[in-house]
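Small disclaimer: the values here were computed from a predicted structure and weren't measured. Residue numbers start from 1 in every chain, and the chains themselves are labelled A, B, ... in the order their sequence lines are given, proteins ahead of strands.
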There are 2 protein chains.
Amino acid sequence: MKMSAGVEWAVHCCVVLSQADGPVPAQRLADFHGVSRTYLAKHLQQLSRAGLVRSTEGRVGGYALTRSAEEISVLDVVLAIEGREPAFRCTEIRQNGPLPATGEVCRRPCGIARAMYAAEDAWRASLAAVSVADLATGVEEDTGAQTFVRLRGWLATG
Amino acid sequence: MKMSAGVEWAVHCCVVLSQADGPVPAQRLADFHGVSRTYLAKHLQQLSRAGLVRSTEGRVGGYALTRSAEEISVLDVVLAIEGREPAFRCTEIRQNGPLPATGEVCRRPCGIARAMYAAEDAWRASLAAVSVADLATGVEEDTGAQTFVRLRGWLATG
DNA sequence: CAAACGCGGATAGAAAATGTCTGAGTTGAT
DNA sequence: ATCAACTCAGACATTTTCTATCCGCGTTTG
Ligand code: FES
Ligand code: FES
């Protein structure tokens, strides 16, 4: 029951991309966060496959958001990295053993699975309520308005 | 971001124990669910360490709930098996790179972590609202009132 | 054409989950 | 009291997953 560390990297990258003017290469994103470039590239490819970022190839290529930061929720990023399968998986062990549940009952998920899925729905709803733009404003409130100014400067000159 | 399969086993066992009169051996629980006895024992030990079940050794030993089924929530079982650590772990990569966050800001968790923790709190609240007794009544509604009667019979004679 | 960049697969290493084993301790019957 | 059977508990392998890296290929800019 633990989340991949790549989720944090991806969210941080989305916040950075929301403040960038043009495409940002994976090398620059990796240097900014102090993480492995090759491994971060894997996660960026997953974001690309999920349609959250667009990749431009070639000499001055890089990554950029496909929509505005307000339209990208944290849930979108988490699902792109961790996958859309629910964390809990009912293996239907109620059908095992000496007193198995009959086939008619098993057409709908069992009570245990229903409770687990309801909890995951609440989790997803909470993450869907926060957008990348909200995170960016939070960063400005925490570290000051000049943070992103310096970030844009570093992205341009670096 | 996936949950251990042992969680399902543990929850099923708690539902069975809520309907048992005396202590139930791990062998009986494993046979009833059609799973490995030795591996299930490991999870039952975790429940024992968490204080949810009590183990009695000896010739007629086994496991029994320490409190009433109404007082045991699904969240208690999940935390006993999966551990109490949150799924998301902030590795503080905001302190890396060329523009690191200064030490003063980092005393409180960053915005990303706050959003993740809020979502996990919602998840836990949803699981805490469901008790083992609720699951048992759900099983009776799904499979009929005679289900647990036959279960008690199998536990006694088996 | 050369340099920089993204993409995908192949390849290891580390960590965690899964599954099994043997021993210590307790209980009940003899 | 002794014995034997049954139990739990922790230590021990096995398998899968995550993490991380590397190289070759196609693309774009200069
Ligand atoms: S049968 Fe076990 S959770 Fe559905
Ligand atoms: S610094 Fe990355 S989530 Fe807190």
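- Phosphate proximity of C:dG6 to A:T56: absent, as no side-chain N or O sits under 4.0 Å from OP1 or OP2.
- Rounding to the nearest 0.5 Å places OG1 of A:T66 at 8.0 Å from CZ of A:R54.
- In terms of position on DNA chain C, the residue among A:K2 and A:P25 whose nearest nucleotide sits closer to the 5' end is A:P25.
- When the options A:R114, A:R107, A:R94 are evaluated for a salt bridge (Lys or Arg N to Asp or Glu O under 4.0 Å) with B:D142, the one that passes is A:R114.
- In this entry the distance linking OH of A:Y63 with P of C:dA4 reads 18 Å, nearest Å.
- Between the C1' atom of D:dT7 and the CZ atom of B:R54 lies a distance of 15 Å, rounded to the nearest Å.
- Protein atom CZ of A:R59 is 5 Å distant from nucleotide atom C1' of C:dA3, rounded to whole Å.
- Residues A:A69 and A:S131 approach most closely at O-CB, 3.7 Å, considering heavy atoms.
- When distances run from any side-chain atom of A:W9 to the nucleotides D:dT19, C:dT18, D:dA20, the shortest one goes to D:dA20.
- Going from atom CG of A:L29 over to atom P of C:dC5 covers 12 Å, rounded to whole Å.
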- request: Start with the C-alpha gap between A:F148 and A:E140, add the side-chain angles, then the distance that decides, and say whether side chain to side chain contact (heavy atoms under 4.5 Å, CB included) holds.
  value: CA-CA 8 Å; A:F148 288 142; A:E140 274 194 332; 3.5 Å; yes
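- Here C:dC5 presents its P atom at 13 Å from CD of A:E57, a figure rounded to the nearest Å.
- Using a 4.0 Å cutoff on non-hydrogen atoms, the parts of residues 34-53 of chain B near DNA chain D are B:K42, B:Q45, B:S48, B:R49, ordered by number.
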- prompt: Going through the checks in order, is the side chain to side chain contact (heavy atoms under 4.5 Å, CB included) test met by A:M116 and B:V74?
  reply: CA-CA 9 Å; A:M116 294 289 188; B:V74 180; 3.8 Å; yes
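- Taking atom CD of residue A:Q27 and atom P of nucleotide D:dC22, one finds them 13 Å apart after rounding to whole Å.
- Taking atom CD on B:E85 and atom C1' on C:dA16, their separation rounds to 13 Å, with Å as the unit.
- With B:V53 as reference, B:L65 is the one residue of B:L65, B:I72, B:V77 to meet the side chain to side chain contact (heavy atoms under 4.5 Å, CB included) rule.
- Residue A:I81 contributes atom CD1, which lies 11 Å from atom P of D:dT19 at whole-angstrom precision.
- The residue A:G6 sits apart from the nucleic acid: no heavy atom pair falls under 4.0 Å.
- How far CD of B:Q19 is from CZ of B:R150: 14.0 Å, rounded to the nearest 0.5 Å.
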